[in-house]
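Reckoned from all heavy atoms, side chains included, excluding hydrogens, waters and symmetry mates. Along the sequence shown, the residues carry numbers beginning at 1.
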Amino acid sequence: MPGEMKFLDIPDGLPLPLDWLMNTNDEAFSELVLEIAKTGPAIAAINGLDCKPISSRMWRLRHLIGFGKAHYLIFIAVRDGNHLALHGFTDRASSIDPEAMAIAEQRLQDLL
């Protein structure tokens, strides 16, 4: 049974993941998000998507966009095969900014 990618929608004064995704206007990245929802992150990674675990609970999806930049979506697995996007952002392709990770981690803590 395919899952869904749900998006955090609790306002915290920062851009919400779905708003960010819509503003990227990147159809290819949106397709990757759908692939994660359909197959799950582990299978997507086996199939060649740049999707990796970044902690015991969180995963990151990265899509290179050129000029040394990438779109990132930080998400967690929830239940019934679904996933919850905690934070989306554009940053350097080489590493995730610690501030972006702090936002995702804080949002996760707020949910618990």
Side-chain angles (χ1 to χ4, degrees):
M1 176 170 103
E4 293 181 302
M5 179 66 74
K6 299 179 184 266
F7 292 83
L8 180 81
D9 61 358
I10 302 168
D12 60 3
L14 298 166
L16 293 171
L18 185 57
D19 294 340
W20 170 82
L21 180 62
M22 300 304 279
N23 286 331
T24 65
N25 200 26
D26 186 336
E27 189 68 32
F29 189 66
S30 296
E31 290 295 321
L32 296 177
V33 172
L34 291 174
E35 182 68 21
I36 296 290
K38 186 172 80 173
T39 65
I43 299 298
I46 290 170
N47 290 337
L49 271 69
D50 190 354
C51 186
K52 296 181 179 177
I54 54 176
S55 75
S56 62
R57 294 182 163 188
M58 287 191 274
W59 289 78
R60 70 107 175 112
L61 172 63
R62 181 179 77 159
H63 175 63
L64 300 176
I65 58 173
F67 304 104
K69 298 276 188 179
H71 292 317
Y72 291 91
L73 188 68
I74 308 295
F75 63 96
I76 59 171
V78 286
R79 54 190 160 122
D80 301 330
N82 293 323
H83 302 88
L84 176 65
L86 298 172
H87 188 43
F89 58 98
T90 303
D91 202 356
R92 296 177 314 245
S94 59
S95 64
I96 296 177
D97 181 9
E99 185 177 314
M101 277 306 302
I103 291 168
E105 289 170 359
Q106 183 60 54
R107 286 176 167 174
L108 178 59
Q109 289 303 314
D110 291 347
L111 291 172
L112 298 178

Is it the case that one hydrophobic cluster holds both Phe29 and Met22, taking links as side-chain heavy atoms less than 4.5 Å apart, direct or via other members? yes
Leu112 and Arg57: CA distance, side-chain angles, deciding distance, side chain to side chain contact (heavy atoms under 4.5 Å, CB included) verdict: CA-CA 12 Å; Leu112 298 178; Arg57 294 182 163 188; 3.0 Å; yes
Answer yes if Ile76 and Leu61 sit in the same cluster of Ile, Leu, Val, Met, Phe, Trp and Tyr residues linked by side chain heavy atoms under 4.5 Å apart, and no otherwise. no
Do Lys52 and Arg62 make a side-chain contact, defined as non-hydrogen atoms from C-beta onward lying under 4.5 Å apart? no
Minimum heavy-atom distance between Pro17 and Ala85, given as atom pair plus value: CG-O, 3.5 Å
Evaluate the side-chain proximity of Ile10 to Asp110: yes if any heavy-atom separation is below 4.5 Å, no if none is. no
Is any side-chain heavy atom of Leu111 less than 4.5 Å from a side-chain heavy atom of Leu86? yes
Identify the two heavy atoms, one from Ala45 and one from Cys51, that lie closest to each other, and give their separation to 0.1 Å. CB-O, 3.3 Å
Let me check something: do Leu16 and Trp20 share a hydrophobic cluster, defined by ILVMFWY side-chain heavy atoms less than 4.5 Å apart, either directly or through other members? no
Show your working on side chain to side chain contact (heavy atoms under 4.5 Å, CB included) between Glu27 and Glu31 and close with a plain yes or no. CA-CA 6 Å; Glu27 189 68 32; Glu31 290 295 321; 3.5 Å; yes
When rounded to the nearest 0.5 angstrom, what distance separates CG in Asp97 from CZ in Phe89? 7.0 Å
Of the non-hydrogen atoms in Ala44 and Ile36, which two are nearest, and what is the gap between them? CB-CD1, 3.6 Å
Under 4.5 Å between side-chain heavy atoms, counting indirect links through other Ile/Leu/Val/Met/Phe/Trp/Tyr residues: same cluster for Leu108 and Met5 or not? no
Side chain proximity check, Ile96 to Ile74, heavy atoms < 4.5 angstrom: yes
Interatomic distance, CG@Asp19 vs CG@Asp9, rounded to 0.5 Å, equals 9.5 Å
Please report the closest heavy-atom contact between His87 and Ala104, naming both atoms and the distance. CB-CB, 4.1 Å
Would Ile54 end up clustered with Leu8 when hydrophobic side chains under 4.5 Å apart are linked, directly or stepwise? yes
Supply the atom-to-atom distance Lys69 NZ to Leu64 CG, rounded to the nearest 0.5 angstrom. 12.5 Å
With side chain to side chain contact (heavy atoms under 4.5 Å, CB included) as the criterion, how do Met101 and Arg60 come out once you've worked through the C-alpha distance, each side chain's angles and the decisive distance to 0.1 Å? CA-CA 10 Å; Met101 277 306 302; Arg60 70 107 175 112; over 6 Å; no
Test log, rule side chain to side chain contact (heavy atoms under 4.5 Å, CB included), inputs Phe7 and Val33: CA-CA 11 Å; Phe7 292 83; Val33 172; 4.1 Å; yes
Using 30° and 60° as the class boundaries, would you call the ring planes of Trp59 and Phe75 parallel, tilted or perpendicular? parallel
Residue pair His83 / Pro41: nearest heavy atoms and the distance that separates them: NE2-CD, 3.2 Å
Do Asp91 and Tyr72 have side-chain heavy atoms sitting under 4.5 Å apart? yes
Give a yes or no on whether Asn47 atom CG has more than 12 heavy-atom contacts from other residues, nucleotides or ligands under 6.0 Å away. yes
Using a 4.5 Å cut-off on heavy atoms from C-beta on, say whether the side chain of Leu14 contacts that of Arg107. yes
Here the gap from Met58 atom CE to Leu84 atom CG, rounded to the nearest 0.5 Å, amounts to 11.5 Å
Contact summary for Ser30 and Leu21, nearest pair of heavy atoms: OG-CD1, 3.9 Å
Rounded distance [0.5 Å steps], CG in Leu32 versus NE2 in His63: 6.0 Å
Student check: side-chain heavy atoms of Thr39 and Ile46 closer than 4.5 Å: no
Given 3.5 Å as the limit, does a donor-acceptor pair link the side chain of Asn82 with the main chain of Val78, or not? no
